[in-house]
Every structure is written in structure tokens, then in C-alpha cells.
There are 2 protein chains.
Amino acid sequence: MPTARAAIASDVPPAAGTAGRDAEVPPEQRILLAAIAIFSEHGFDGATLRQITDRARVNLAAVNYYYRSKDELVRRVLERLMGPIQARLAALEACEAAAAPGFPTLEAVIEAMVRPTVTLSRDESGGRPLIRLLLQVRALPRPETARFFQERVDPIVERFVAAIGRARPELARADIFWRYNFALGALMQVLTDSDPSLLRLARQSGGLCDTGDDEAITGQLVAFIVAGFEGPPAGAR
Amino acid sequence: MPTARAAIASDVPPAAGTAGRDAEVPPEQRILLAAIAIFSEHGFDGATLRQITDRARVNLAAVNYYYRSKDELVRRVLERLMGPIQARLAALEACEAAAAPGFPTLEAVIEAMVRPTVTLSRDESGGRPLIRLLLQVRALPRPETARFFQERVDPIVERFVAAIGRARPELARADIFWRYNFALGALMQVLTDSDPSLLRLARQSGGLCDTGDDEAITGQLVAFIVAGFEGPPAGAR
DNA sequence: GGCAATTTCAAACAGACGTTTAAATCTACC
DNA sequence: GGTAGATTTAAACGTCTGTTTGAAATTGCC
């Protein structure tokens with residue numbers, strides 16, 4: 001049995017437009033990209049290896065050659081989910097660096113949380129499927145993904161909570177945790193909704209809300225979330 | 001071929017505690033309840049008819065006898081998803097009736113949106129699986145479910161938007177739509193998180209946030225959402 | 001150019017899936 | 001109590017799944 005070489009993480013898009021030259025992207029990566037796309041559309045269970053290999057233009061057996069099994073392929077796809085979350089962390093660190101030696105404003109922190117994810121979700125070939133997958137993982141938690149999030153996402157949550165706490169020292173730490181999760185939910189909700197196959201909000205509002213407009217989404221989200229954080233604590237009314 | 005009689009919609013719980021007498025709940029309902037539970041745990045594709053029939057304590061063929069096929073069973077389960085949403089509508093109408101001849105406050109409208117869903121999600125045998133399914137349907141939109149939501153949920157959204165508009169006439173209609181969707185996202189996020197199998201928020205916060213406490217969740221949500229609605233419009237900063 | 005290692009391929013595999021069948025069992029009514 | 005209908009059952013069906021196989025094709029190297 002020959003040994004399959006390790007995959008090299010890279011974000012080269014599948015070059016949808018340049019259908020002429022194919023040999024650019026190696027099969028191993030084509031499989032991973034196809035898997036992300038198919039998984040995001042049909043779910044991990046609903047997706048078929050034959051669907052994936054058809055899309056990747058490789059033989060069926062290539063999946064078991066490069067990745068050991070479907071489960072292993074799923075695991076490799078899950079690792080890619082860190083991309084959107086790490087982009088969020090990078091944006092936070094950038095805005096903290098920009099504000100040094102002081103601290104970024106609440107609005108800047110929230111924008112660091114929102115904007116990278118919104119931007120990412122515009123990339124139909126790369127980011128958008130990842131966002132869809134993030135939602136699926138949330139909706140159907142597997143034991144493995146729970147551990148995955150705990151280890152790699154929780155520290156980033158803590159970073160944001162700390163940054164918000166510095167911008168609004170009067171807020172109780174518990175309240176910040178609550179509201180950060182609410183903000184995350186609002187963000188994911190509108191990104192789900194802005195999927196071209198859904199567009200519920202745009203339809204509901206009779207076209208008043210343009211979920212295709214990055215600046216509109218970001219602006220609306222930041223305004224809502226900042227106001228939410230600045231409100232009185234839960235017991236105060 | 002004998003004709004299966006139509007199912008009668010009812011919300012009798014599976015009587016988990018009273019394991020002695022089984023003959024109370026007819027098999028047709030046991031199948032539907034088991035289907036909701038199994039679907040919510042494994043997804044529509046991941047779930048197996050054999051898992052469902054095992055849990056319902058019926059023969060495998062019973063599913064095709066009472067419901068024509070798995071797809072038809074899925075459709076029947078999807079109809080149950082209207083329960084949580086209709087509870088939301090009922091709460092809105094109740095609070096509007098209580099405020100007559102005036103209009104309910106913004107806080108009252110938001111509470112009507114939040115509280116029934118939070119309460120429902122506490123019912124481990126009935127409501128909780130439905131909430132989990134709602135998230136799955138959002139994450140993996142099928143063409144059928146999209147139409148389903150459009151026809152039956154959109155009118156309820158409109159009712160809430162109108163009620164919020166009456167409580168805060170200064171808000172632009174577009175902004176209300178945006179923020180209603182943000183609020184919905186915050187609600188679903190924290191309900192997902194409060195699932196006993198996850199409890200991320202409780203862990204992240206080191207126990208500061210008790211997602212098992214109905215009043216805590218409701219209070220935190222209402223405070224955040226009301227403040228979010230009361231904030232300045234997106235362009236004003 | 002020839003050899004070795006790697007990659008591709010068509011074909012088949014066992015197992016699980018949803019579904020169907022026909023006989024067995026139960027239930028209600030005369 | 002016997003009969004017609006409804007329900008339950010065990011077993012099998014064809015199909016599709018992920019995976020494996022061994023041979024063919026390709027690639028890199030001396």
C-alpha cells in the first residue's frame with residue numbers, strides 16, 4: 001500500500017472561471033474544496049463521496065487514497081472552520097494594536113468581530129460554504145466538534161470578552177458573556193439569511209433590507225450590538 | 001393494501017417516567033415523537049428508520065404503514081415545527097389584548113417573542129427537540145422547508161414588526177426588520193447553547209452564566225434586544 | 001530509456017439503507 | 001364464535017453507501 005503524502009493547507013480557489021487549465025490545483029486539494037462545498041450543501045451525512053469526487057473530477061477511490069476515510073475527510077474539513085474564527089481574532093489584534101497604548105472602543109471591538117465574517121461570507125467559493133458548515137456544526141453537535149470548539153474557539157471568546165470589558169468597565173463579566181453570545185447569534189443569523197438560496201430577510205422586508213450589501217449588514221449589526229451592550233443590565237428595569 | 005388512518009395531532013408526552021403502562025400512546029404517535037427525537041439528534045439524513053422504530057417500540061414496517069415513506073415522515077415532523085412559532089404568535093396576541101385599547105410596550109413585545117420559546121426549550125421530551133430541529137432546518141435549507149417558512153412564518157414576522165413599529169414609531173421599518181432578525185439570532189443562539197449536551201456559554205464564563213435558568217435567559221435576552229432596538233439607526237454614528 | 005514509486009482507474013466488496021411482501025395476529029361487530 | 005378488517009410481524013428485496021482491490025497509467029530519477 002503506497003503512502004499518501006500529507007495535505008498542504010492552502011486557500012487557492014478552484015478557479016471556477018478558468019475552465020481551460022485544470023492541472024493547476026492538485027487533486028488532493030480539489031477533493032478538500034469539493035468536500036467543503038458538497039458538505040455545506042447536503043450535510044456531512046447527506047453528502048456522498050461520489051458527489052464529492054464527481055465535483056473534484058477525481059476517481060472515487062482518490063478520497064480513500066489521500067484521506068483515509070470519509071470520517072477523516074470530515075475532520076480535515078472541520079479544521080478549515082477555524083479560518084473564519086481566526087480571521088476574527090486577527091482583526092481584534094489589529095484594532096488593539098491600532099489603539100495602543102490605549103484600548104479600542106467598544107464599537108471597534110464589535111466591528112472586529114463582525115466585519116471579517118461578513119467579508120468572508122461573500123466569497124462564494126471559499127468562505128460562504130465554511131459559514132454554512134459552521135451553522136451545521138452548531139445545529140448538529142458531534143462529540144468531536146464540541147471538543148474542537150472548546151479547545152480552539154473558547155480562548156478567542158475570552159479575548160473578545162476581555163476587550164469589551166476594557167471598553168466598558170462598568171459591565172459585569174457575566175453580562176458580557178451573555179451579550180457576546182447574543183451578538184454571535186445575531187451575526188450568524190443574518191449571514192445564514194443572506195445566503196443566495198434563502199434571502200428571507202430581503203423578501204420579508206419587501207426589499208427594504210439588502211442582505212447583499214456588506215456595508216449595510218456590517219453597519220446594522222454593529223449598531224444593534226453596540227446598543228445592546230450599552231443597555232442597562234438585565235435586572236435594572 | 002389496508003388504508004392507514006390519518007394521524008391526530010396531539011402533544012401527549014411519551015410518559016418517560018411511567019414505564020409500566022405502554023398502551024396509552026398509540027403507535028402512530030409514538031413513531032412521530034420518536035422521529036422528532038431521533039431526527040433532532042442525528043439529522044434527517046443521519047437518522048435511520050430502524051433507530052426510530054426501535055425507540056418507538058414498533059416494527060420497522062410500521063413507518064411505511066402509517067406514513068408512506070421516510071420523506072413523508074419528515075414532512076409530518078416539519079409541520080410540528082410550527083408549534084414553537086405559533087406559541088410566539090399567541091403570546092404576542094395575548095400581550096396586545098392586555099394592552100388594549102393602547103399598544104404593548106417594546107419590552108412586552110420582545111418578551112412575547114422570547115419567553116414562549118425559552119419555556120418550550122425546557123421541555124426535554126417535546127419542545128427541546130423541536131428547537132434543535134429548527135436550527136437544523138436553518139442550517140440545511142431544503143427547497144420544501146424554504147417554502148414552508150415563507151408561507152407560515154413570514155406573516156408572523158410581519159405581526160411582530162408591526163407591533164414593534166407601534167411601540168417605537170421613530171424607528172424606520174427597514175431597521176425593525178434588520179433588528180428583529182438579529183434578535184431572533186440571539187434567541188436561537190442561546191437556546192442552542194443551553195442544550196445540556198453543549199453548555200458552551202456556561203463553561204466559557206466559568207459558571208457565571210446559568211443557561212439552565214429560564215428567568216436569567218429571558219431577562220438577559222430582553223435587556224439586550226430592547227437596548228438594541230432603542231439604539232440609534234445604523235448611519236447615525 | 002528503464003526502473004521504482006506514486007498516482008489513477010474500473011470493478012467489485014460487504015454492509016446498511018428504505019421499502020415491500022405475505023403471513024400471522026389482533027380487534028370489533030353480528 | 002366466526003368473520004372482515006385493521007394491525008403487527010419476520011423476512012426479504014433492490015439500491016446505494018463507504019471501502020478495498022489489483023492492475024494500468026503516470027511521474028521522477030539515474
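The chains referred to below are lettered A, B, ... by the order of the sequence lines, with proteins before strands, and numbering in each begins at 1. Excluded from the calculations below are hydrogen atoms, water molecules and symmetry mates; all remaining heavy atoms, backbone and side chain alike, are included.
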Just the table, please: protein N/O against nucleotides 9-17 of chain C N/O, every pair under 3.5 Å.
unit_1	atom_1	unit_2	atom_2	d
C:dC17	OP1	B:T48	OG1	2.9

Exercise for review: Please report, rounded to the nearest Å, how far the P atom of D:dG22 is from the CG atom of A:N64.
Suggested key: 16 Å

**Study point:** A:R200/B:D154 ion pair, N-O < 4.0 Å
**Key:** yes

Practice item. Can you measure from CG (B:L81) to CD (B:Q136) and round to the nearest 0.5 angstrom? Key: 9.5 Å

Check your understanding: Which whole-number value in Å describes the distance from A:F39 CZ to D:dG18 P?
Key -> 9 Å

Review point. Do the charged groups of B:E79 and B:R75 touch, with an N to O distance under 4.0 Å?
Key: yes

Review point. Within this structure, what is the CD-to-P distance between B:Q29 and D:dT7, rounded to whole angstrom?
Key: 14 Å

Review point. Can you find a pair of side-chain heavy atoms, one from A:W178 and one from B:L221, that are under 4.5 Å apart?
Key: no

**Study point:** Ring centroid separation A:F177 to A:F160 under 6.0 Å
**Key:** no

Point to revise | Euclidean distance, atom CD1 of residue B:I52 to atom P of C:dT19 [Å, nearest integer] | key: 11 Å

Review point. Which class fits the ring pair B:F224 and A:F224: parallel under 30°, tilted 30 to 60°, perpendicular over 60°?
Key: perpendicular

Exercise for review: Using a cut-off of strictly less than 4.0 Å, decide whether B:Y65 has a side-chain nitrogen or oxygen near OP1 or OP2 of D:dT9.
Suggested key: no

Study note, to complete from the structure: Rounded to whole Å, CZ of A:F44 lies from P of D:dG18 at a distance of 14 Å

Exercise for review: May I have the distance from B:R75 (atom CZ) to C:dG18 (atom C1'), rounded to whole angstrom?
Suggested key: 18 Å

Exercise for review: Calculate the interatomic distance between A:R68 atom CZ and D:dT20 atom C1'; express it in whole Å.
Suggested key: 14 Å

